[in-house]
Each structure stands twice: as C-alpha cells, then as structure tokens.
Amino acid sequence: MAPFLTDWRGRFTGRALAVLRPADPGQVAQLVHACAAHRVPLVPQGGKTGLVLGSVPDASGSAVVLSLARLNRVRALDPVNRTITVDAGCILQTIQEAAAAAGCLFPLSLAAEGSCSIGGNLSTNAGGTAVLRYGNTRELCLGLEVVTAQGELWNGLRALRKDNTGYDLRDLFIGAEGTLGVITGAVLRLFPQPKASITALVAIAAPRQALDLLSLAQDRCGASLTGFELMSDFCLRLVATHFPSLAQPFVTRHAQYVLLELSSSESEQHAVGLLEDTIADAIAQDIADDAVVATSVAQSLALWQLREHIPLAQAAAGKNIKHDIALPVSCIADFIDSTDAKVLAAYPGCQLVCFGHVGDGNLHYNVAPPPGTPHEDFLAHQDALNRIVHDSVAAYAGSMSAEHGIGALKRDELKRYKSDVELNMMRAIKAALDPLGIMNPGKIL
C-alpha cells in the first residue's frame, strides 16, 4: 500500500483502510456503491503527481484509496471527428502517442506527462505549456464518463462540439478534484499535427519586456504562437548546477529569458521566417537583447529541457515554498516587482525561483531559503510567506491556484480569498452530488 499513500513531493504520508484497484468502470461503480452503503470515504487516485495533497488520504486511516491505474485503455480514435476516447487511468504520454500515430495532435503537455493520468489532468483542469494556443484540459474535453457518489455510472461520452441540452454536467466534474464523483473515461479533442514547430530562447532585461515581446509575437504570429514561457537567470543557473549536461545557450548571462514556440500549418520555412522576423523586430525595438533559434528538433528539445528541468533542479536543491498563481497578463511585471520586494523585505537573502506560462498568466512563484539556511527551518515560515504572496495575488485580481488545484494543502487558504457567496454555492453543489460526504473528504472545502 505504501506507494499509494505518500504524495509526489514526499512531504506527507497518509493512512488507508485499503487500496482498491478496479479494472473497468463497472467495477468502479460497484466499489463506490459499496463505500456509500457502508459510509466509507474514498480518495480517487490517478498518477499521483499532484502537488496539493489532493490524491492521498489523510492520517485518520478511515478512507480507502481508489486507484484508477488499471483503467488505462485507449477505447477509440476518430481521426475524422478528431476525437479520442480513453480510460481515466490512461497516461498522458500514451494519449499523445496514440494521437500522433493517427496523424493528429493531443496538445496537453506538462512535465509529468510520462506518469500523470488523464483522469487526474481533468480533475485538476491541468494547464501545461500549450494553454496559450489550445486552452486548459477543460477546453480539450468534449465528454465524460463518471461514477457518481451513489455508485451510478453516468455515460456522458458525447463526441460533440455543440450540445446545448441543459446544465453542463461535464464541467462540474472537471476541476472538482474527485470531490463530486470519479471520472472513469473521457472524449478528448484532437488537432491537426503542425507541419513544423520552431523554438527560440530570447534574452530580455526584465519581465516587463516579456509582456512587450508577447504583444509583438501575438500581433505578428497570431494563432501560430503556441508557447511563451518566462524564466529568470536564477532558474537557469539552478538547472546548470544540478544538470550540468544540459547545454546553456548563452555565454553572457541575462536577467530574464523567454522560451517562445511557433507552430505552422504551412511549412518549416514559413515558421522560421515568421519567428526570425519577430525576433528581429523585438531586438530593433529594444525589447530583446539576444536570441537563440533552434535549427533542429534536437536543439528545440534541448531548449525545452531547460524549462522542464527547473522543477527538478528545485527538488535537487532542497525543499522550497511553492506558489502556483494566475494573474491578468498585463499585471505580471508589476506583480513580480512588488512581490519580490515584499518577500525579500520579510526574508532577506531568500532565493526567488520565478518561471511559468506567461502567455496565459500562470506563474510558478517559488521561494527557496537563503544559502546556508536549513530547508526544514525555512519551511516553518510557509504560512506567513504564503500570506504575503497570496495577498499580493489578490491585490492584482489573480488566483492563488492556477493549475495545481486546492487539495488539502490550500483548503484553509481558499476561505480567505473566496467570497461567502461563492463558497456557499460550492457547498450546495457538494451537498447535492455527495450528500454523504464520502468523495475525497477534506479536499477543497
């Protein structure tokens, strides 16, 4: 049972009565029905890559873990309708590969794609690196199959773009973190494979230039702009320290970097020309200082590896205090400037690891202890530091959770930033769909 009880970051280990491992949606329904009959709480679990303790049980030992890992089939793929129907336990990378084999693209992409499952992605409305072009997981899902808290199997696997026949039940379960029911299957949208994807790493002076570059790239490239990631120099130095085999593109250090990707439905020549013209304009307008454009798939992957290794480098460096936040894009530079000042004033010498999907307003604003400070000692300041960061987020009309969810880790924080009206509506939905309160108890509410 041990692998099912500890969260991905290794910070918490819960207890459970048992681990249930059904093989199909019918068995999920039978198990949930039995849990409801005996008032046994259950914790749905996918790939267990979440960061907010949403997929592990608490310390009471009163719940069972319901693992969806054996529900891992690709059920159907329709290249004409551009849809794929999958089990909830299907690994994200498996879905990407099945789509590619059919000449299609499933664009959801994130660092944990080799181990996270689509049911977990849906339950947390995961974002990833391509939200700017394709949207969050919610936008990529057309239909769901769900086992309700009463153990009934709802077949909502409709492969339709338009279905205006009442309340959208699908959207209730997406992002609900398993607190309303258990997702067992999904119909997902597919897209044409781009003819070419071109990546560049652009050196800039400050986050404000990143916003100028984003506006320029959107004006020049339109829907071809599929990725726009901001990384500080400290982030890349952290990667260089812990992953020295990854080549650093620039000899001279710069304060900030933007990883920019264009996808073209026409040709590689079109994508390269568009990207080079955009970068040339950015340099001419003093928005960018320098740039490296990938000239091969291997070089493009190497640039993306720099971005994707930032969380891994953080983990290798030791524990830190993470914040997954969303802001209006126009506020990002002001937020970083003001929040950096507040955090450093409260905790002099702390190390700010700020990076993320600036194109869609999502920052990972993480804080590591000053050099020489024991990490466990610094973690004692987590609540106070969270308050500084999240109050700053609220001041800019942002969200304290962009794509990681609430789980148990941020549950108490949520009460500070949601209005009573909003919380009461959420509680009403929870009471209506899960009146016994057995679905993932202690999460979100």
Side-chain angles (χ1 to χ4, degrees), residues 7-9 11-12 49-56 110 120-121 123-128 131 136-138 174-179 207 230 310-311 314 319-344 346-347 350 352-368 378-427 429-430 440 442-445:
D7 78 299
W8 182 78
R9 295 165 71 188
R11 290 197 181 180
F12 178 81
T49 60
L51 300 178
V52 293
L53 308 184
S55 60
V56 291
L110 44 131
N121 300 148
S123 292
T124 57
N125 190 26
V131 173
N136 290 311
T137 312
R138 185 185 303 277
I174 297 175
E177 301 184 50
T179 62
L230 179 68
I310 296 173
Q314 282 187 278
K319 294 179 179 177
N320 56 88
I321 299 174
K322 296 182 181 293
H323 306 95
D324 164 51
I325 58 177
L327 299 153
V329 173
S330 56
C331 297
I332 285 175
D334 289 337
F335 168 84
I336 292 175
D337 289 344
S338 63
T339 310
D340 282 1
K342 292 174 184 176
V343 171
L344 289 169
Y347 301 97
C350 69
L352 301 171
V353 188
C354 182
F355 63 100
H357 324 299
V358 169
D360 58 53
N362 178 193
L363 284 180
H364 300 295
Y365 188 92
N366 304 332
V367 186
F378 188 67
L379 289 181
H381 299 287
Q382 178 163 301
D383 290 345
L385 206 152
N386 285 348
R387 181 61 50 84
I388 294 172
V389 175
H390 291 156
D391 279 357
S392 186
V393 169
Y396 286 97
S399 167
M400 56 172 278
S401 179
E403 59 182 359
H404 291 171
I406 298 299
L409 192 64
K410 298 181 180 180
R411 181 190 61 208
D412 295 334
E413 285 276 288
L414 189 68
K415 292 186 291 186
R416 179 175 174 85
Y417 302 104
K418 289 279 191 185
S419 69
D420 289 342
V421 172
E422 197 166 359
L423 285 171
N424 287 337
M425 286 193 289
M426 290 170 64
R427 291 188 183 105
I429 293 170
K430 172 72 170 173
N440 214 3
K443 315 298 167 59
I444 301 182
L445 295 170

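Computed from a prediction, not measured in an experiment: that's the story for all the values here.
- The backbone N or O of Ile336 lies less than 3.5 Å from no partner atom in the side chain of Tyr365, so there is not a single donor-acceptor pair.
- Residues His390 and Asn386 meet the side-chain proximity criterion, which asks for heavy atoms closer than 4.5 Å.
- Remark: side-chain polar atoms of Asp7 are paired, donor with acceptor, to backbone N or O of Phe12 under 3.5 angstrom.
- Judged by distance alone, the side chain of Asp324 and the main-chain N or O of Ala402 form a donor-acceptor pair under 3.5 Å.
- Not counting sequence neighbours, the partners of Asp337 by the salt bridge (charged side-chain N to carboxylate O under 4.0 Å, His left out) test are Arg208.
- The line from NE2 of His364 to CD1 of Ile325 is 9.5 Å long, rounded to the nearest 0.5 Å.
- The backbone N or O of Gly442 sits less than 3.5 Å from a side-chain atom of Arg411, completing a donor-acceptor pair.
- Side-chain contact check for Lys319 versus Gln382: every heavy-atom pair is 4.5 Å or farther apart.
- At distances below 3.5 Å, not a single donor-acceptor pair connects side-chain atoms of Asn125 with backbone N or O atoms of Ile174.
- No donor-acceptor pair closer than 3.5 Å links the side chain of Thr339 to the backbone N or O of Val389.
- A donor-acceptor pair under 3.5 Å is formed between the side chain of Glu403 and the backbone N or O of Gly128.
- Nearest heavy atom pair, residue Lys342 against residue Ser392, reads NZ-OG, 4.1 Å.
- Distance CD1/Ile406 to CG/Asp412: 10.5 Å, rounded to 0.5 Å.
- Among Leu385, Leu363, Val393, the single residue meeting the side chain to side chain contact (heavy atoms under 4.5 Å, CB included) criterion with His323 is Leu385.
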message: Using the rule given for side chain to side chain contact (heavy atoms under 4.5 Å, CB included), can you reason through Leu423 versus Leu445, listing the C-alpha separation, both sets of side-chain angles and the distance that settles it, and then say yes or no?
response: CA-CA 8 Å; Leu423 285 171; Leu445 295 170; 4.2 Å; yes

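- Within the 4.5 Å cutoff, the side chain of Arg11 has heavy atoms near those of the Leu379 side chain.
- Between Val367 and Cys350, the shortest heavy-atom distance links the atoms CG1-SG, 3.8 Å.
- The two residues Pro328 and Tyr396 come nearest to each other via the heavy atoms CD-O, 3.4 Å.
- Residues Ile388 and Ala346 come closest through the heavy atom pair CD1-CB, 3.7 Å.
- Within the 4.5 Å cutoff, the side chain of Phe355 has heavy atoms near those of the Asn366 side chain.
- Exactly one residue among Arg416, Lys415, Glu422 makes a side chain to side chain contact (heavy atoms under 4.5 Å, CB included) with Lys418. That residue is Glu422.
- Shortest non-hydrogen contact noted between Ala126 and Leu110 is CB-CD2, 4.3 Å.
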query: Step by step, would you call Val343 with Leu352 a side chain to side chain contact (heavy atoms under 4.5 Å, CB included)?
result: CA-CA 9 Å; Val343 171; Leu352 301 171; 3.9 Å; yes

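- In plain terms, the two heavy atoms of Leu230 and Pro207 that are nearest each other are CD2-CB, 4.4 Å.
- For the pair Lys430 (side chain) and Thr179 (backbone), a donor-acceptor distance under 3.5 Å is present.
- Counting heavy atoms from C-beta outward, His404 and Lys322 have side chains that stay 4.5 Å or more apart.
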